[in-house]
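Note that the structure is predicted; figures quoted are calculated from it, not measured. Every number for a ligand or one of its atoms is a count from 1 in the order of the listing.
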Amino acid sequence: MLTQPQWYQTAVFYELNVRAFKDNNDDGQGDLQGVISQIDYLADLGIDCLWLLPITPSPLVDDGYDVADYFGVHPDYGNLDDFRALIAAAHAHGIRVVADLIMNHTSDQHPWFQASRRRQEPYTDYYVWSDTDQAYSDARIIFLDTEDSNWVWDDEREQYYWHRFYSQQPDLNFDNPAVQEEMFNIARFWMDMGLDGFRADAVPYLFEREGTNCENLPETHAFLKRLRAMMEDEYPHAILLCEANQWPQDVRPYFGGDPNDNSVPGDEFHIGFHFPVMPRLYMALKRGDRSPVVDILKRTPGIPANCQWCTFLRNHDELTLEMVTEAERQWMWEQYAPEPRMRLNLGIRRRLAPLLGNDRRRIELLNSLLFTLPGSPIIYYGDEIGMGDNIWLPDRNGVRTPMQWDDSANAGFSNAAELYAPVIDDAVYGYQRVNVASQIFNPTSLLNRMRTLITTYKEQPALALGDIQFLDHPDRALLAFKRITRHETIICLHNLSDRGVSVEIPGTYDLLAHVRWSEGRITLLPYGYRWLKVD
Ligand code: NOJ
């Protein structure tokens, strides 16, 4: 077991879809052995922790977020021995592994649900059943494009069941202590195999209460604190990463401790996604105006010293626009999703490179912000080489296509005749042009730039742990801030516009260009960025 206290505060995470990464047995599906075969690539990239998307058995209505068995591995991906082998291989390379813990719901194919429908004990009250579909009417619908109610009538039980996501994903009843105990045992099972923690899925929705929007309820926090306490007691190495797509003030309680005193250690989640900052990075870039980013970070409350935010540019879902105003959402759709097929629910189902017009300068700029703004960065597989998307695939599958390893057939992903999804094959992002092999030995490639950003980030603890102080500048295209610890100060400059921007700086050492700047004026190129250590 790896031990290093609070490693998650300085870690670079890498989100990986096992199905999409590498197919080792040539059945057209990526698998755990495939990930093992590429562990050197991941170690070489410099990442510290893998986040595996769901791998348990599932009918895959929601790509594994519809769990049919919490204690196994989907046969497409391998078996529990393969899982143990992956943990061992990762740990041998100094890489930790976290995986999704899906507590809010199961698949409707899960045996618990099948038994609950038949009112078979002890499962009768494992789910949220009701005689009416009018209960909890203040709860919003999340999958707006496919669902028109959070209730579904079940003919067998002759009652409605509650679900926050797809109708095939009934919500578990957390008011039932047996359900809570099941979750503890599921978490124990995976940590016993060496897992380093969980990305806890959809945690705001665990409990329901009439007259509320059924999000972030006190009962939910109380349960999560008990889960954390169990982990502290039994698996102190393991972390909990919070998926709560909420405003920063509503995420703050998920860290626990005392909201009025950040010197009190957090006792709920170790680390939590900062959702609202993400769309604002794209907004600021398009407008050439730093305000959206500065405003949201200024409204972000402090968190306990043992906690950390987690930031990302893209992930396996649509780029969510839930945490923006209606006017901003419309604007973001116009700017970044001009075609209806690019939109899904309240978001945009595209990858990083296509969102940024495949402009290397802007791709680097947003990545620079990912590494220099507060929070541990997560890279989404394939974005390190600038992979494209396929908007013709349904749901979010267009951003989950096979990893592009080389320019051979199937992008070096698999030797099968048929793949779970087509590889990207267009003129701009096709695997013939965009692949690992063509970038890995090219010193100027995006991949190698990402390696440099990762290495430099890890050499500079101030970027992970420092306080942030924004610098005022009359030109709003300049997003400039200091990251400050007791021992050092790093000035991070970002030009959000397509013209040069000049700025006065003190004497510094340029951490990326490896030159010393004497006090005076420097000019950032269009979309330029610099990481400057104050002498
Ligand atoms: C959030 C996950 O990221 C998403 O992919 C999934 O559909 C929902 N939670 C439901 O589990």
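- Between Phe207 and Phe223, the ring planes lie tilted relative to each other; the angle falls in the 30° to 60° range.
- With a heavy-atom cut-off of 4.0 Å, Arg199 touches ligand 1 through its side chain alone.
- When the heavy atoms of Asp62, Val61, Ile142 are ranked by distance to atom 10 (C) of ligand 1, first place goes to Asp62.
- Between Tyr282 and Gln335, the side chains place no donor N or O within less than 3.5 Å of an acceptor N or O (distance only, hydrogens not considered).
- Remark: ligand 1 atoms within the under-4.0 Å shell around heavy atoms of His105 are 10 (C), 11 (O).
- Under a cut-off of 6.0 angstrom, the local environment of CD in Glu156 is crowded, with over 12 non-hydrogen atoms contributed by other residues, nucleotides or ligands.
- Between Tyr380 and Phe312, the distance from one ring center to the other does not fall under 6.0 angstrom.
- When only non-hydrogen protein atoms are considered, atom 5 (O) of ligand 1 lies nearest to Asp317 OD1, 2.6 Å.
- Side chains of Gln159 and Tyr127: no donor on one and acceptor on the other come within 3.5 Å.
- Asp100 and Trp51 form a side-chain donor-acceptor contact under 3.5 Å, judged by distance and modelled atom types alone.
- Proximity of Phe143 to ligand 1 is established by a heavy-atom distance of less than 4.0 Å.
- Listed by atom number, the atoms of ligand 1 under 4.0 Å from Arg396 heavy atoms are 4 (C), 5 (O), 6 (C), 7 (O).
- The closest protein non-hydrogen atom to atom 9 (N) of ligand 1 is Asp201 OD1, 2.8 Å.
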